[in-house]
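The first residue of the sequence shown is numbered 1, and numbering continues consecutively from there.
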Amino acid sequence: LTSVDLSGNPLKDTGAKALARSGLLANLDVLKLESCQLTDAGLTVLAHAPDCRVEQLFLGGPDNVFTPAGLEALLESPAADQLRTLSLAGCGDLGDQAFSLCKRSPSLAGLAELDLTGQRLTDWRVKTLTDSPHLAELAHLSWYQARTTPRLVEAEELLERRWPGRVRL
């Protein structure tokens, strides 16, 4: 078993704790927990699960409610070094503090795919991502927005200069 998709199940933080204790995360490449009613507590437990080797982590969906503190717990955990894909699509706006983590978190150096769909697109957030020395290997950045605006066009140009042909807005 190398892939588990529990998306849409009301796992909650207690289910995340059970998953972390199960030992299953040591063998998984892909873990999908979209809309599982997780909070920072569940994310922290998963991030610090013994021998967690998950490479593709999907945490999006409106039922997962994270703050920058939960994201920081993930990015500063030993499990973060294994991540190649991180999807936070649709999980609610994480705030500017979460974006500053991208600039200062060396665990993101191996990240190939980052999905920020639904996160507010601001000039500061775009600049923070493009200035991050840890996102140089990013192969795909998804940051879909509900509508196209002049600001979105400017942001896309800046992101395209940093990651040519690898940005989806």
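Here the straight-line distance linking atom CD of E55 with atom OG1 of T2 works out to 10.0 Å at 0.5 Å rounding. How far NE2 of H134 is from CG of L129: 12.0 Å, rounded to the nearest 0.5 Å. To the nearest 0.5 Å, the span separating CG on L159 from CG on L138 amounts to 10.0 Å. Remark: L33 CG to N9 CG distance equals 9.5 Å, nearest 0.5 Å. Considering CG of L158 and CG of D123, their distance stands at 8.5 Å, rounded to 0.5 Å. A distance of 10.0 Å separates CD of Q56 from CG of L83, quoted to the nearest 0.5 Å.
Two residues are said to be in side-chain contact when any heavy atoms from C-beta on lie closer than 4.5 Å; T122 and F99 fail this criterion. For the pair N64 and C36, the minimum side-chain heavy-atom distance is below 4.5 Å. The shortest side-chain heavy-atom distance between V30 and K32 falls under the 4.5 Å cut-off. By the 4.5 Å heavy-atom criterion applied to side chains, K103 and D131 are counted as neighbours. The shortest side-chain heavy-atom distance between S142 and L116 does not fall under the 4.5 Å cut-off. In this structure the side chain of W143 never reaches within 4.5 angstrom of the side chain of T117, judged on heavy atoms. Side-chain contact between T39 and F66 is absent, with no heavy-atom pair separated by less than 4.5 Å. Side-chain atoms of L1 and N27, non-hydrogen and from C-beta on, never get closer than 4.5 Å to each other.
Panel note: side chain R53, backbone L25; no donor-acceptor pair is recorded below 3.5 Å. Panel note: side chain D40, backbone T67; a donor-acceptor pair is recorded below 3.5 Å. Listed for the R125 side chain is a donor-acceptor partner under 3.5 Å among the backbone atoms of R120. Between the side chain of S77 and the backbone N or O of L74, at least one donor-acceptor pair lies under 3.5 Å. Within the 3.5 Å criterion, the main-chain N or O of K127 finds a donor-acceptor partner in the side chain of T130. Remark: the backbone N or O of E34 is paired with a side-chain donor or acceptor of S7 at under 3.5 angstrom.
In the hydrophobic cluster analysis, where Ile, Leu, Val, Met, Phe, Trp and Tyr join through side-chain heavy atoms closer than 4.5 angstrom, L114 is grouped together with V126. Cluster annotation: L108 is connected to L101 through the hydrophobic network of ILVMFWY side chains, with a link wherever side-chain heavy atoms come within less than 4.5 Å. L6 and L38 fall within the same hydrophobic cluster, where Ile, Leu, Val, Met, Phe, Trp and Tyr residues are linked whenever their side-chain heavy atoms come under 4.5 Å apart, directly or through other members. Criterion: ILVMFWY side-chain heavy atoms under 4.5 Å apart, direct or through other members. Under it, L11 and L28 are part of a common hydrophobic cluster.
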Would D115 and L86 count as a side-chain contact (heavy atoms from CB on, under 4.5 Å) here? Give the steps. CA-CA 6 Å; D115 190 344; L86 178 60; over 6 Å; no
Between W163 and L135, does the side-chain contact (heavy atoms from CB on, under 4.5 Å) criterion hold? Intermediate values first, please. CA-CA 9 Å; W163 298 289; L135 295 174; 3.8 Å; yes
Is there a salt bridge (Lys or Arg N to Asp or Glu O under 4.0 Å) between E72 and R104 once you walk through the steps? CA-CA 10 Å; E72 185 171 15; R104 69 173 204 258; 3.1 Å; yes
Between L24 and V4, is a side-chain contact (heavy atoms from CB on, under 4.5 Å) present by the stated rule, with each step listed? CA-CA 9 Å; L24 185 64; V4 170; 4.0 Å; yes
Take L71 and L88, measure what side-chain contact (heavy atoms from CB on, under 4.5 Å) needs, and give me the verdict at the end. CA-CA 10 Å; L71 189 58; L88 299 166; 4.0 Å; yes
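The two residues R168 and E113 make their nearest non-hydrogen contact at NH2-OE1, 4.5 Å. In this structure, G110 and R84 approach most closely via the heavy-atom pair O-CD, 3.2 Å. Contact between L111 and T85 at its shortest, heavy atoms only, is CD1-N, 3.9 Å. Listed here is the closest heavy atom pair of S35 and G61: OG-CA, 3.3 Å. Here the closest non-hydrogen pair linking C91 and Q119 is SG-NE2, 4.3 Å. Nearest heavy atoms, A47 versus A79: O-CB, 3.4 Å.
The pair K12-D63 fails the salt-bridge criterion, with no side-chain N (NZ, NE, NH1 or NH2) lying under 4.0 Å from an Asp/Glu carboxylate O. A salt bridge is defined here as a Lys NZ or Arg NE, NH1 or NH2 lying under 4.0 Å from an Asp or Glu carboxylate O, and R162 with E157 fails to meet this definition.
Side chain to side chain, S107 and D81 fail the donor-acceptor criterion of an N or O pair below 3.5 Å.
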